[in-house]
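Worth saying up front: this structure is predicted, and the values here are computed from it rather than measured.
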Amino acid sequence: MGQNSNQRSFFLAPMAQDVGLTSMALGLVRALQRDGIDVGFIKPISQPEAANGEVDLSTFFAKTLCHLDTIEPIAFAHAEELVRQGQLSALLENVVALVETVRGRCDVVIIEGLIPNADLQIASLLNAEMARSLSANLIPVISAAHRDAHGLAEIISLAERQFSDDGHQPFAGILINKLPEGAKAVRLREDLERLNGHVPLLATVPFAPRLNAPRLLDLVKGLGLKVERPGNLSQRVLETVVAARSVENMVDRLRPGALVVTPGDRSDIVLATALASLRGVPLAGLLLTCGERMPDSIASLIPANWLSDLPIVSSELDTYATASKLAGLSSHVGIDDAAQMEQVIEFISEHMTTAPLKQKIGEPRELRMPPPAFRNRLVQLAKQANKRVVLPEGDEPRTLQAAVICHEKGLARCVLLGDPTRIRQVAEAQGLTLPADIEILDPEQIRERYVAPMVKMRKSKGLTPQQATAQLEDTVVLGTVMLAVGEVDGLVSGAVHTTASTVRPALQLIKTAPGQGIVSSVFFMLMPDQVLVYGDCAINPNPTAEQLADIAIQAAGSAKAFGIEPRIAMISYSTGTSGVGDDVE
């Protein structure tokens with residue numbers, strides 16, 4: 001579960017809806033595969049359209065065309081629900097767990113973000129939070145359609161403000177799609193490199209109309225069109241011709257790949273389209289609008305066997321509404337159009353420059369443990385350990401809530417110390433359902449069995465059975481003896497008891513580890529982008545230099561145990577009026 005310092009993850013963040021994200025992501029995967037790099041792919045959260053039972057296209061094509069063993073994403077509807085319920089942290093932990101599964105199989109992982117479509121705010125939020133939580137190098141994906149170099153530079157600047165996280169998440173490069181062809185593209189690249197020389201351009205992909213052309217079949221499905229004459233529904237729609245003018249003004253638009261859109265009563269346009277098809281022009285099809293079919297008198301002039309390749313479809317909407325829906329239709333390659341997607345991936349991979357990424361792959365990097373990754377690591381370690389943990393404050397509401405969560409998630413086998421009736425009353429008042437197999441021990445019923453072990457542990461201090469019985473009235477002492485004799489693996493206290501009353505029994509009964517002359521404490525501070533370990537803010541208020549060194553070493557050991565690479569800084573425990581003492585004064 002630990003991260004290899006040379007392992008790399010690259011998060012592709014789309015800066016608009018029309019960037020061709022999946023195509024660019026899988027094109028990058030293909031280019032890295034050609035370089036002999038063991039690359040993985042994952043889209044942690046599916047697009048909204050996949051939430052209706054549809055297969056996530058990115059994951060499907062990664063498996064079928066790039067032959068990657070990726071995993072299914074979290075449904076967008078579920079992710080959206082968690083965000084709206086204020087459970088973003090839980091969602092990010094799930095995202096980290098998915099990505100860690102893929103990371104364990106390969107050296108490089110390409111992570112595809114969410115296209116900011118209908119719910120722009122949530123998609124943008126999730127992209128930024130996922131990139132931060134995964135400690136991934138960022139690669140913005142940008143569309144050059146209708147933009148000059150200055151416009152592209154502004155988008156790159158926007159991406160830096162949105163994702164760079166004060167420089168902690170440096171851009172590994174930029175992917176630019178849909179550049180103009182020919183000399184314009186060359187000038188645009190040169191101008192952009194001049195304006196934005198600090199981030200490498202990994203891809204400048206020219207717009208290829210045929211690779212972005214849907215089949216007429218896709219339009220029929222997307223708009224719910226009725227098929228009047230099937231013809232060849234696999235024809236690619238390279239352009240849409242809305243025939244609102246007279247025939248002589250639109251004949252020159254009857255070109256290969258054209259979809260002619262006209263009201264059903266425009267017999268002149270219908271006949272002109274039929275004649276063009278008869279002359280061998282491979283039109284994409286004829287779309288009749290306004291809910292009107294071709295008049296029988298005209299249809300009789302066009303025998304079906306003459307136009308076997310010309311599909312004729314119809315829409316109940318008027319021409320303007322139909323044209324508007326055509327313009328807004330998704331340009332995604334359909335799941336049943338693998339041949340087209342293969343061409344797209346191959347075309348994009350040929351326009352990739354992977355050298356800057358390969359250089360980064362070989363560089364050691366600073367490992368920062370983001371909070372979701374830290375929490376995911378704790379969950380996985382706890383599940384593997386399967387420890388029995390005693391909770392002396394068994395009837396405290398927060399302790400009960402934590403015990404139920406730990407039990408449901410399989411994080412630990414919790415033992416609640418307290419009056420069973422009281423514990424169940426508190427649980428009911430809190431709206432908690434205690435698992436049937438959660439362990440509850442009544443101190444009144446078990447206390448006597450620990451008197452003799454405690455007397456033995458404290459015989460050097462002359463502890464009598466009567467004194468031991470009295471001290472075992474304290475559930476923290478009782479739980480500590482259970483820990484000392486090995487009946488439980490750990491103890492958690494402090495919701496009601498002070499630090500001193502929690503630690504004192506352990507010092508008396510368990511003592512310090514061999515070679516350790518001091519007991520210190522740590523807590524984990526989950527900052528927005530990393531986890532910091534704070535050493536000893538509770539036990540040793542004014543340590544000597546030697547004690548401070550021991551505390552630092554112990555804190556570093558605790559950090560390492562939880563997968564955090566320690567770098568030690570000594571800080572004052574108070575810089576204002578929050579504390580008192582000689583050092584503060």
Side-chain angles (χ1 to χ4, degrees), residues 9-26 28-29 39-63 66 68-106 108-141 159 162-163 165 169 175 330 332-333 335 370-376 379-380 528-529:
S9 300
F10 298 103
F11 187 92
L12 271 57
M15 297 307 296
Q17 187 174 351
D18 63 340
V19 300
L21 178 63
T22 295
S23 304
M24 296 294 279
L26 297 183
L28 178 57
V29 167
V39 59
F41 171 86
I42 184 171
K43 187 175 181 73
I45 300 176
S46 68
Q47 288 300 131
E49 57 265 25
N52 300 320
E54 296 183 17
V55 176
D56 183 80
L57 292 177
S58 303
T59 304
F60 175 79
F61 286 128
K63 289 178 178 178
C66 296
L68 297 177
D69 184 19
T70 188
I71 54 182
E72 293 301 318
I74 298 167
F76 180 84
H78 178 61
E80 183 180 36
E81 181 182 2
L82 289 176
V83 172
R84 298 196 189 283
Q85 291 176 350
Q87 298 185 47
L88 177 60
S89 295
L91 171 61
L92 293 174
E93 287 177 43
N94 293 338
V95 167
V96 169
L98 288 181
V99 175
E100 285 298 320
T101 301
V102 177
R103 272 178 174 159
R105 306 170 184 165
C106 50
V108 177
V109 181
I110 302 300
I111 306 165
E112 183 183 312
L114 280 166
I115 300 171
N117 45 28
D119 204 329
L120 174 63
Q121 192 171 16
I122 284 185
S124 299
L125 167 69
L126 289 176
N127 282 339
E129 293 295 337
M130 284 193 290
R132 182 181 296 116
S133 299
L134 296 168
S135 296
N137 288 123
L138 279 150
I139 301 178
V141 187
Q162 185 174 346
F163 292 107
D165 191 23
Q169 289 176 289
L175 300 177
S330 170
H332 293 163
V333 178
I335 197 169
F374 176 71
R375 289 191 293 265
N376 175 67
V379 167
Q380 300 306 320
D529 62 339

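Checked by atom type and distance alone, the side chain of Arg105 pairs as donor or acceptor with a backbone atom of Asp69 at under 3.5 Å. For the pair Lys43 (side chain) and Gly113 (backbone), a donor-acceptor distance under 3.5 Å is present.
The two atoms that bring Val39 and Leu68 nearest to each other are O-CD2, 3.4 Å, heavy atoms only. Across all their heavy atoms, Ala123 and Pro116 have their closest contact at CB-CA, 3.8 Å. Closest approach of Ile115 and Gln47 over heavy atoms only: N-OE1, 2.8 Å. For the pair Thr101 and Ala97, the tightest heavy-atom approach, listed with the atom from each and the gap, is OG1-O, 3.0 Å. Leu26 and Ser58 make their closest contact through CD1-O, 4.2 Å (heavy atoms, listed as atom of the first residue, atom of the second, distance). Between Ala25 and Ile110, the shortest heavy-atom contact is O-CG2, 4.3 Å.
Qualifying side chain to side chain contact (heavy atoms under 4.5 Å, CB included) partners for Ala16, counting only residues two or more places apart in sequence or in other chains: Asp18, Val19.
Contact of the Asp56 side chain with the Pro73 side chain is registered, since non-hydrogen atoms from C-beta on lie closer than 4.5 Å. Residues Ile74 and Val95 have side chains in contact (heavy-atom distance under 4.5 Å, counting atoms from C-beta outward). For the pair Ser46/Thr59, no side-chain contact is recorded, criterion being any heavy-atom separation below 4.5 Å from C-beta on.
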Exercise for the section: Mind running side chain to side chain contact (heavy atoms under 4.5 Å, CB included) on Leu92 and Ser133 for me, showing each step along the way? Expected result: CA-CA 7 Å; Leu92 293 174; Ser133 299; 3.5 Å; yes

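Paired with Leu114 under the rule side chain to side chain contact (heavy atoms under 4.5 Å, CB included), one option of Leu126, Leu21, Ile122 passes, and it is Leu126.
If you take OG1 on Thr70 and CD on Glu72, they are separated by 8.0 Å, rounding to the nearest 0.5 Å. The distance from atom CE of Met130 to atom CG of Leu125, rounded to the nearest 0.5 Å, is 9.5 Å. Distance check: Lys63 NZ to Cys66 SG gives 13.0 Å after rounding to the nearest 0.5 Å. Atom CD1 of residue Ile42 and atom CZ of residue Phe11 lie 11.0 Å apart, to the nearest 0.5 angstrom. In this structure, CG on Leu91 lies 11.0 Å from CD on Gln85, to the nearest 0.5 angstrom. Leu28 contributes atom CG, which lies 6.0 Å from atom CG of Leu175 (distance to the nearest 0.5 angstrom).
A salt bridge does not link Glu81 with Arg84: none of the charged nitrogens is closer than 4.0 Å to a carboxylate oxygen.
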